[in-house]
Amino acid sequence: MKKSLLLGALLVAGIVSAFPFRTSCGKVVQVSQTIADNMSLDQLSNFLADVNGENCPNAGAVVIHIYYH
């Protein structure tokens with residue numbers, strides 16, 4: 001429950017500067033750019049996997065692809 005609230009609070013706080021993330025079940029959520037800027041790619045991948053798990057509880061194992069330039 002705490003993890004859900006923390007992820008929700010982080011997502012809501014970052015809507016001003018955010019990028020869209022499409023989950024494995026087709027939902028699109030906004031992820032804070034500030035959070036992403038302060039993470040390594042591995043940390044960001046793990047965070048997005050957690051976001052995916054919160055939004056798609058029956059998704060099972062997923063592979064996160066991060067495209068950046």
Counting C-beta onward and ignoring hydrogens, is there a side-chain heavy-atom pair between S45 and I66 closer than 4.5 Å? yes
V63 vs H65 side-chain heavy atoms within contact, under 4.5 Å: yes
Indicate yes or no: at least one non-hydrogen side-chain atom of L44 is less than 4.5 angstrom from one of L48. yes
Spacing of SG belonging to C25 relative to CG belonging to N52, to within rounding of 0.5 Å: 6.5 Å
Can I64 and F21 be said to form a side chain to side chain contact (heavy atoms under 4.5 Å, CB included), step by step? CA-CA 10 Å; I64 303 294; F21 170 66; 4.0 Å; yes
Taking V51's backbone N and O only, do any of them form a donor-acceptor pair with N55's side chain (distance below 3.5 Å, no angle check)? yes
How close do A36 and F19 get, heavy atom to heavy atom, and via which atoms? CB-CE2, 3.6 Å
Quick one: pull up CD in E54 and OG1 in T23 and give me the separation to the nearest 0.5 Å. 12.0 Å
Within the distance-only criterion (no hydrogens, no angle test), does the side chain of K27 pair as donor or acceptor with the backbone N or O of C56 below 3.5 angstrom? no
Between the CG atom in N46 and the OG atom in S40, the distance rounded to the nearest 0.5 Å is 8.0 Å
Within a strict 4.5 Å, meaning less than it, do heavy atoms of the M39 and F47 side chains meet? yes
Work out which heavy atom in Q43 is nearest to a heavy atom in N38; give both atom names and the distance. OE1-O, 4.3 Å
